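Order of listing sets the numbers, starting from 1, for every ligand and every atom in it. Residue indices begin at 1 and follow the sequence shown. Just so it is clear, the model here is predicted, and its values are computed rather than measured.
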Amino acid sequence: MGDKRSRIIKALKDAQKSPVSGEELGLKLGISRTMVWKYIKSLQADGYEIESSPKRGYVLKSVPQLLYPEEIQMGLKTTLLGKKIHYFEEVTSTNNIAKEIAASEEEGTLVIAEVQKGGRGRMGREWVSPHGGIWMSVILKPGIPLRHASRLTLIAGLAVANVIRNMGLDASIKWPNDVRINGKKVCGILTEAKAEVDRVDYVVVGIGINVNMDLKDIPESIRAGSTTLKVELGRHIKRVSFLQDLLFELEQQYINFKIRPFSHILNEWLALSDTIGKEVKVTTPSRIIEGKAIGITPDGALVIKKADDTKEEIIAGRCIY
Ligand code: BTN
């Protein structure tokens with residue numbers, strides 16, 4: 001079904017608003033005109049505006065503004081990420097779905113949803129995920145030791161920041177994994193891994209980006225510290241092409257991660273870091289550490305120089321500055 005639908009969409013797009021007859025589409029796909037008509041009906045039901053006239057054929061007037069796999073995959077430049085996409089209008093959490101299916105899925109599989117009702121943030125927090133954002137989880141199987149799984153969070157943050165910077169915005173990364181614009185959070189990342197002995201079976205990298213939302217869509221409690229791409233750019237963003245760019249950038253980072261020493265990625269991360277050099281206060285479940293953020297370890301821990309000149313490495317926590 002998916003393949004035929006995609007081929008019909010492609011043929012109609014290629015025709016650039018001139019009509020394509022049912023007969024021509026049928027011949028191209030090796031199916032009857034009645035079957036073509038059934039596919040057209042299912043596309044219309046999904047929001048593709050297709051005009052049909054019995055004499056002339058079908059004209060694609062507009063495509064839906066949703067993250068349909070067919071739209072994402074058409075023109076996607078990756079070789080691994082997003083080759084298979086599970087799309088949902090509404091889920092509890094894309095990370096939950098990705099973890100359920102990860103064992104039997106190929107690496108690179110993407111789970112994406114328009115809305116999450118039980119979106120999860122770091123440290124047990126809720127992640128509000130209304131219409132207009134990008135809420136997605138990528139399944140990776142890098143075969144690395146569990147202690148290195150946090151490196152994938154760093155590369156995901158780097159990929160998101162790079163794509164946003166390419167749009168002309170000054171995105172930076174706040175340790176451990178927030179992407180910010182002008183000091184306001186636009187993206188959060190939640191990485192979850194399953195490991196056997198010390199090797200990871202899979203890693204789910206969950207990425208949430210505030211794209212076409214207005215500030216009123218963000219909970220009041222975090223609104224002052226948050227932003228969206230639409231707010232920053234003052235215009236609506238084409239989510240499909242943004243996502244295609246992001247998957248490509250993430251794949252490039254992932255390839256680098258596999259073939260280059262991690263120090264290269266760390267240097268790139270440091271160059272975009274908002275945190276290093278600042279006086280910070282990090283809250284962990286057991287205590288609060290204050291001092292100057294002076295670096296990051298290869299496993300993503302923040303190095304803090306305290307008032308007494310001793311150094312401490314913090315692997316996870318809430319960082320304020
Ligand atoms: C954070 O900054 O606290 C991390 C937020 C991560 C949110 C994303 S949205 C897609 C994926 N599914 C979830 O439930 N969470 C992540």
Side-chain angles (χ1 to χ4, degrees), residues 67 72 81-82 85-102 105 109-140 149-150 152-161 163-164 171-181 183-194 202-213 217-219 221-229 239 242-243 246-247 250 269 273-275 282-285 300 302 314-321:
L67 297 168
I72 297 167
L81 301 193
I85 300 177
H86 294 274
Y87 168 83
F88 299 89
E89 264 160 32
E90 188 179 304
V91 283
T92 48
S93 151
T94 55
N95 265 34
N96 292 359
I97 308 267
K99 286 198 291 180
E100 275 164 28
I101 62 173
E105 286 290 347
T109 298
L110 185 72
V111 180
I112 190 152
E114 301 292 346
V115 171
Q116 293 186 120
K117 288 294 185 196
R120 294 184 292 109
R122 286 175 59 242
M123 306 179 84
R125 283 187 298 241
E126 178 194 19
W127 181 263
V128 175
S129 319
H131 278 285
I134 289 183
W135 323 122
M136 66 180 223
S137 304
V138 185
I139 298 169
L140 296 175
S150 58
L152 296 170
T153 308
L154 299 182
I155 70 163
L158 202 49
V160 175
V163 174
I164 295 179
S172 57
I173 307 172
K174 178 180 176 217
W175 181 86
N177 55 10
D178 292 355
V179 178
R180 313 211 299 175
I181 304 169
K184 296 192 172 184
K185 179 162 173 169
V186 70
C187 162
I189 298 162
L190 178 68
T191 302
E192 298 181 285
K194 178 171 178 292
Y202 62 77
V203 180
V204 167
V205 182
I207 303 178
I209 309 171
N210 301 335
V211 184
N212 282 325
M213 296 132 68
D217 302 324
I218 293 175
S221 55
I222 54 166
R223 197 175 293 159
S226 305
T227 192
T228 78
L229 292 179
R239 286 186 308 159
F242 177 85
L243 180 56
L246 175 59
L247 290 173
L250 188 55
W269 189 94
S273 164
D274 191 29
T275 310
V282 182
T283 312
T284 73
L302 187 69
I314 319 286
I315 193 72
R318 189 174 135 77
C319 180
I320 300 172
Y321 50 87

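Near Arg120, with a cut-off below 4.0 Å to any heavy atom, the atoms of ligand 1 are 5 (C), 6 (C), 7 (C), 13 (C), 14 (O), 15 (N), 16 (C). Every atom of ligand 1 is numbered from 1 in the order shown, and the set under 4.0 Å from a heavy atom of Thr94 is 10 (C), 11 (C), 12 (N). For ligand 1 and Gly121, the ligand atoms under 4.0 Å from any heavy atom of the residue are 1 (C), 3 (O), 4 (C), 5 (C).
In terms of N/O distances under 3.5 Å, ligand 1 is approached by Arg122. On a distance-only criterion, Ser93 and ligand 1 share at least one N/O pair closer than 3.5 Å.
Side-chain atoms of Asn95 and Ser137 include a donor-acceptor pair closer than 3.5 Å. Side-chain contact of Glu105 with Tyr202: a donor-acceptor pair under 3.5 Å is absent, judged by distance alone.
Using a 4.5 Å cut-off on side-chain heavy atoms (C-beta onward), Val186 and Asp178 make no contact.
Remark: distances from the non-hydrogen atoms of Lys185 to ligand 1 include one below 4.0 Å. Remark: distances from the non-hydrogen atoms of Gly119 to ligand 1 include one below 4.0 Å.
Taking a cutoff of 4.0 Å between a charged side-chain nitrogen and a carboxylate oxygen, Lys99 and Glu192 qualify as a salt bridge. For the pair Asp274 and Lys174, the salt-bridge criterion is not met [side-chain N within less than 4.0 Å of a carboxylate O].
If you look at Ile207 next to ligand 1, the close heavy atoms, those under 4.0 Å, all belong to the backbone. Contact annotation: for Gln116 versus ligand 1, heavy atoms closer than 4.0 Å belong to the side chain alone.
Nearest protein neighbour of atom 8 (C) of ligand 1, counting heavy atoms only, is Gly208 N, 3.6 Å. Taking atom 5 (C) of ligand 1 as the reference point, the nearest protein heavy-atom neighbour is Trp127 CE3, 3.4 Å.
For the side chain to side chain donor-acceptor pair (under 3.5 Å) with Thr94, the lone residue among Arg120, His86, Gln116 that qualifies is Gln116.
Of the inter-residue distances, the one linking Cys187 atom SG with Ile181 atom CD1 reads 9.5 Å to the nearest 0.5 angstrom.
Formation of a donor-acceptor pair under 3.5 Å by the Arg180 side chain with backbone atoms of Ser172 is not found in this model.
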